[in-house]
Protein chains: 2
Amino acid sequence: MKNGETAVSKATVSRMPAYLRYLKGEAGKGVEYVSSAAIAKDLGLSAVGVRKDLALVSSRPGKPRFGFEIRLLIEDIEKFLGYHRWTNAVIIGAGGLGRAILAYEGFENYGIHVIAAFDASPAKVGAVGGKPVYPMEQLPDIARRNGIRVAILTVPRAAAQEACDEIVAVGIKAILNFAPVHLHVPEGVTVRYEDLAVSLAALCGESAGDQI
Amino acid sequence: MKNGETAVSKATVSRMPAYLRYLKGEAGKGVEYVSSAAIAKDLGLSAVGVRKDLALVSSRPGKPRFGFEIRLLIEDIEKFLGYHRWTNAVIIGAGGLGRAILAYEGFENYGIHVIAAFDASPAKVGAVGGKPVYPMEQLPDIARRNGIRVAILTVPRAAAQEACDEIVAVGIKAILNFAPVHLHVPEGVTVRYEDLAVSLAALCGESAGDQI
DNA sequence: GCATAATCGATAAATTTTTATCGATTATTA
DNA sequence: TAATAATCGATAAAAATTTATCGATTATGC
């Protein structure tokens, strides 16, 4: 807690997406209220922890005997996470993964427009799922005109650093990197690593722990 | 620290993949030694923290004046994370994302064989990147014969819980879920959520924090 | 209308994780 | 060969996070 602007811990923030996913699921089933104990049980957390987390982001307190109103809670968490602010994003690398992400519609629910993909290979240029794939040369122009703030990097490992440099040169400050490579970026640029293999390996490790 | 078997904190474990990625990158450039200070600088951590993490997994101490020997460190971390144990995995849902993952070769580096995909739609059956796509009905048979321990779930949101139930019924104990849905699973089954939209949204939030 | 049971929110304790400090070790270099 | 600078590992302090406890609130059922 440095100056009052961020009184919410990182650990709490990291649990918010799980709450949101859970609450939306319950809302979809027609449930209107949910207790901290119920959330904790389904998500494998402690009820006290859940209450603490929710107290930090919810605008209205929970009702004794009922719990929290799901609809309000979803609104509050979305507002807290900033899903109400729209962001434009692009994909760099139109291989299998890049094209799959380009076709994925789920981002719109989170305030993110993925507007196009770019690829160094002319063979990949065209369109996927109604969205355009441009040659890499057009990145600076299109990115600047559309105020792109985020890039999703889905190029092969060997091309990652070079592509990263191009992204940075355009002024993009946030990169979601799917290439299993450590990227060197200047100060002020945020990289988030999304290594599918690591996720899977971690999962194996977790579930294997019991068996040894 | 309950009984001496797990004296390594979760936080430390969660940083290991980043170390590994970084070290492999440096090794690829021909570097042989690296200091805790250098790692910390590039990864945005504290040198003391890096030393503490590495002390817990490395078999040999670092050399004063040189740092750690990268080759040994990579071996130690891989051993620690269990990448030496082989695991068979399958993909459930052969849409765009499922096919992209099926074609991805990177898993082999982490001790994971993705042997096949399954899909409820007959139209999807066939092969991708040399790997077979089977109809969903064959999951129990093939999974049991190959000792499948992990499933990667890439079906649409609406089909996720049903597919999850089928996976669980087969006896698979670990699921990497790409559908943006909370899954209800029995005790003993581990689910890891890999919500691309959330990752991206979180990234936007991080980089947006400065600008408000 | 009143006792009851379920739930919340706040405060306090315990645990975990991070950061700081300092002596010990080892290659470099004069 | 001896002084120096860089780095480590261990111990201690600080900060963050999780867990426990308890009185307050509110719908339910008699």
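Quick note on labels: first sequence line is chain A, next is B, and so on, each numbered from 1. Heavy atoms only: backbone and side chains are in, while hydrogens, waters and symmetry mates are out.
When the side-chain nitrogen and oxygen atoms of S9(A) are compared with OP1 and OP2 of dA16(D), none of them lie within a distance under 4.0 Å. Regarding contacts with the backbone of dT18(C), every side-chain N or O of S46(B) stays at 4.0 angstrom or more from both OP1 and OP2. When the side-chain nitrogen and oxygen atoms of R51(A) are compared with OP1 and OP2 of dT18(D), none of them lie within a distance under 4.0 Å.
K41(B) places its NZ atom 13 Å from the P atom of dT7(D), with the value rounded to the nearest Å. For the pair L73(B) CG and dC8(D) P, the interatomic distance rounds to 11 Å; values are reported in whole Å. The nearest whole Å value for the distance from the CD atom in E69(B) to the P atom in dA27(C) is 13 Å. Between L54(A) atom CG and dC8(C) atom P the separation is 9 Å, expressed in whole Å. In this structure, the NZ atom of K63(B) is 13 Å from the C1' atom of dT7(D), given to the nearest Å. Look at CG on D53(B): it is 10 Å from C1' on dT18(C), rounded to the nearest Å. Between the NZ atom of K52(A) and the C1' atom of dT19(D) there is a distance of 9 Å, given to the nearest Å. Between the OH atom of Y33(B) and the C1' atom of dC8(D) there is a distance of 14 Å, rounded to whole Å.
Each of L176(B), V181(B), V191(B), I167(B) was checked for a side chain to side chain contact (heavy atoms under 4.5 Å, CB included) with L153(B), and the lone residue meeting it is I167(B).
Within the 3.5 Å criterion, the main-chain N or O of G93(A) finds no donor-acceptor partner in the side chain of D119(A).
Take the nearest nucleotide of DNA chain D for K10(A) and for V48(A): the residue whose nucleotide is more 5' is K10(A). Nearest-nucleotide assignment on DNA chain D puts the 5′-proximal partner with P64(B), out of G49(A) and P64(B).
Axis orientation changes by 10° from one end of the helix from dG1(C)-dC30(D) to dA30(C)-dT1(D) to the other, with each end axis drawn from 5 pairs and the value rounded to 10°.
Taking 4.5 Å as the limit, every side-chain heavy atom of N177(A) sits out of range of all side-chain heavy atoms of E194(A). No side-chain heavy atom of I77(A) sits less than 4.5 Å from a side-chain heavy atom of Y83(A). Inter-residue side-chain proximity for T190(B) and I175(B) is flagged as unmet; no heavy-atom pair is nearer than 4.5 Å. Within the 4.5 Å cutoff, no side-chain heavy atoms of I91(A) are placed close to those of F118(A).
Among the nucleotides dC8(D), dT28(D), dT18(D), the one closest to any side-chain atom of R65(A) is dT28(D). In this structure, of dT26(D), dG9(C), dT18(C), it is dG9(C) that holds the atom nearest to the side chain of F68(A). In the set dA27(C), dA5(C), dC8(C), dC8(C) carries the atom at the smallest distance from any side-chain atom of S36(A).
Note on R60(A): nothing from the nucleic acid sits closer than 4.0 angstrom, heavy atoms only. Residue contacts shown for A11(A) are limited to sugar-phosphate atoms, with no base heavy atom under 4.0 Å away.
Between Y22(A) and H182(B), the ring planes are perpendicular. Angles over 60° get that label, and only those under 30° would be called parallel.
In this structure, OH in Y134(B) is found 4.5 Å from CD1 in I142(B), a value given to the nearest 0.5 Å.
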